[in-house]
J.: 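Quick one: structure below, then a few questions.
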Amino acid sequence: MNDTDISAAAALLRGSMKTVVLTGAGISAESGIPTFRGEDGLWNRFRAEDLATLEAFREDAALVWGWYDWRRGLMSKVEANPAHKVLALWERRLPGLSIVTQNIDGLHQKAGSKSVVELHGNIWRVRCTKERTVSANTEPHLEEIPPRCPSCGALLRPDVVWFGEPLERAVLEEAVRLSATCEVMVVVGTSALVHPAASLPMAALERGARLIEINPDSTPLTRLAHLSLRGKAGAVLPLVQDRLGIGPGEDGQRSRT
Ligand code: APR
């Protein structure tokens, strides 16, 4: 990654009236949340089919909830990092910027972002398996495992999307709509292997959008990206922000010389 790339990324963002930032586990790595497929990735330590499928939940809800409770404990102790914070600033200051995330950790919102499309749900919500009602539950640790619905007594499940499950239709439609109409898409910290999230950059490219990738490693998107900034999100995004020179109080479009 060189200085020219940083300037080029800032120029693309400055000139865009519609930007989508697609994020994955990598953006939360510097907050202390393990990724899935990295060296110490969760899927190197745990079997997804035992913990993140409806079948696994039906087979052993306590085991699945035990794992999610461990992850809630971990996530309750971490803070948003500079990458999340830069995106929250850009959301306030750059026109038409939306965040589409695969992450369930809620760190974009913790950093102050408002318009976050959560493709895979959120670990701080629970859903009744009978009434399908969704409610917030932000306790670092659950009192009861598996937890039960206070109104009907049925099992609660995490309000997340498990492997083999469809994404919520409205959420996916919104993500596709934003991707298919953006001028610039910034893809941060994803291996771009899991669909349908991994197809969103294609939808953007097909409509002529410019693609910026931020990742310390190359991914299947690297050869398609107009700019591939090889580095950690917590380092790269602040560099681009410095080049953009947007202050917390200013409007990024008009006042910059
Ligand atoms: N900054 C930016 N990118 C990083 C950083 C960092 N500090 N650290 C790691 N990365 C990159 C890795 O190089 C990798 O390409 O983040 C990516 C993480 O990839 P995965 O672990 O596969 O995570 P993700 O792409 O979000 O997974 C997609 O798969 O397991 C399911 O539902 C889960 O939402 C998840 C989906």
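Indexing begins at 1, ligand by ligand and atom by atom, following the structure's order. Please read all numbers here as calculations on a predicted model, not as lab measurements.
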J.: Salt bridge between E173 and R169, side-chain N to carboxylate O under 4.0 Å?
T.: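 Here E173 pairs with R169 in a salt bridge, since their nearest N and O are under 4.0 Å apart.
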J.: Strictly distance-based, threshold 3.5 Å: is any side-chain N or O of E131 a donor or acceptor partner for the main-chain N or O of C128?
T.: no
J.: Specify the protein heavy atom at minimum distance from atom 18 (C) of ligand 1: its residue, its atom name, and the distance to 0.1 Å.
T.: G189 O, 3.8 Å
J.: Of the listed options (R37, Q102, H120), which comes nearest to atom 31 (C) of ligand 1 when hydrogens are ignored and any heavy atom counts?
T.: R37
J.: Taking atom 36 (C) of ligand 1 as the point of reference, which of V194, I104, T35, V160 owns the nearest heavy atom?
T.: V194
J.: Return yes when G234 approaches ligand 1 closer than 4.0 angstrom through a heavy atom, no otherwise.
T.: no
J.: Testing the 3.5 Å rule here: is there a donor-acceptor pair between the side chains of T101 and E118?
T.: no
J.: Tell me the protein heavy atom at minimum distance from atom 25 (O) of ligand 1, and give that distance in Å.
T.: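 Answer for atom 25 (O) of ligand 1: T190 OG1, 2.6 Å.
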J.: Charged N to carboxylate O under 4.0 angstrom, R230 versus D217?
T.: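 The answer is no: the pair does not qualify as a salt bridge.
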J.: Does the side chain of N137 pick up a donor-acceptor pair with the side chain of R72 at under 3.5 Å?
T.: yes
J.: Considering only non-hydrogen protein atoms, determine which one is nearest to atom 12 (C) of ligand 1 and report residue, atom name and distance to 0.1 Å.
T.: N215 OD1, 3.6 Å
J.: Run the numbers for me: atoms of ligand 1, each under 4.0 Å from some heavy atom of F163, listed by number.
T.: 30 (O), 31 (C)
J.: Which of the listed options, A83, S31, A25, holds the heavy atom that is closest to atom 23 (O) of ligand 1?
T.: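 Residue with the shortest heavy-atom distance to the ligand atom: A25.
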J.: Heavy-atom contacts with G24 under 4.0 Å: which atoms of ligand 1 show up? List them by number with element.
T.: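 Reading through ligand 1 atom by atom, the close ones are 26 (O).
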J.: Below 4.0 angstrom from a heavy atom of D217, which ligand 1 atoms are there? Numbered from 1 as shown, please.
T.: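 Once the distances to D217 are compared, the set is 13 (O).
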J.: Tell me: protein heavy atom nearest atom 10 (N) of ligand 1, and distance?
T.: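 Sorting protein heavy atoms by distance from atom 10 (N) of ligand 1 puts G26 CA, 3.6 Å first.
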J.: Tell me whether K232 has any N or O atom under 3.5 angstrom from an N or O of ligand 1.
T.: no
J.: Do side-chain atoms of T35 reach the backbone of G41 as a donor and acceptor pair under 3.5 angstrom?
T.: no
J.: Examine the proximity of ligand 1 to E30 and report which part, side chain or backbone, both or neither, has a heavy atom under 4.0 Å away.
T.: side chain
J.: Show me which atoms of ligand 1 lie under 4.0 Å from any heavy atom of A233.
T.: 1 (N), 2 (C), 6 (C)
J.: Quick one: look up the protein heavy atom nearest atom 8 (N) of ligand 1 and list residue, atom name and how far away it is.
T.: A29 CB, 3.8 Å
J.: Pair R243, S7 - check side-chain hydrogen bond (donor to acceptor under 3.5 Å, both in side chains), show working.
T.: CA-CA 6 Å; R243 204 52 51 87; S7 299; 2.7 Å; yes
J.: Is the terminal nitrogen or CZ of R71 (NZ for Lys, CZ for Arg) located under 6.0 angstrom from the six-membered ring centre of W67 and within 45° of that ring's axis?
T.: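 Yes, a cation-pi geometry.
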J.: Using the side chain to side chain contact (heavy atoms under 4.5 Å, CB included) rule, pick out the option among I104, N103, T23 that qualifies with S28.
T.: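 Among I104, N103, T23, the one that satisfies the side chain to side chain contact (heavy atoms under 4.5 Å, CB included) with S28 is N103.
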J.: Below 4.5 Å, heavy atoms only, C-beta onward: do L87 and L89 meet side chain to side chain?
T.: no
J.: Give me the nearest non-hydrogen protein atom to atom 35 (C) of ligand 1 as residue plus atom name, then the distance to 0.1 Å.
T.: F36 CE1, 3.6 Å
J.: Tell me yes or no: between the side chains of E213 and T219, is some donor less than 3.5 Å from an acceptor?
T.: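 There is such a pair between these side chains.
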J.: Could you list which atoms of ligand 1 come closer than 4.0 Å to a heavy atom of W43?
T.: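 Counting atoms of ligand 1 from 1, those under 4.0 Å from W43 are 30 (O).
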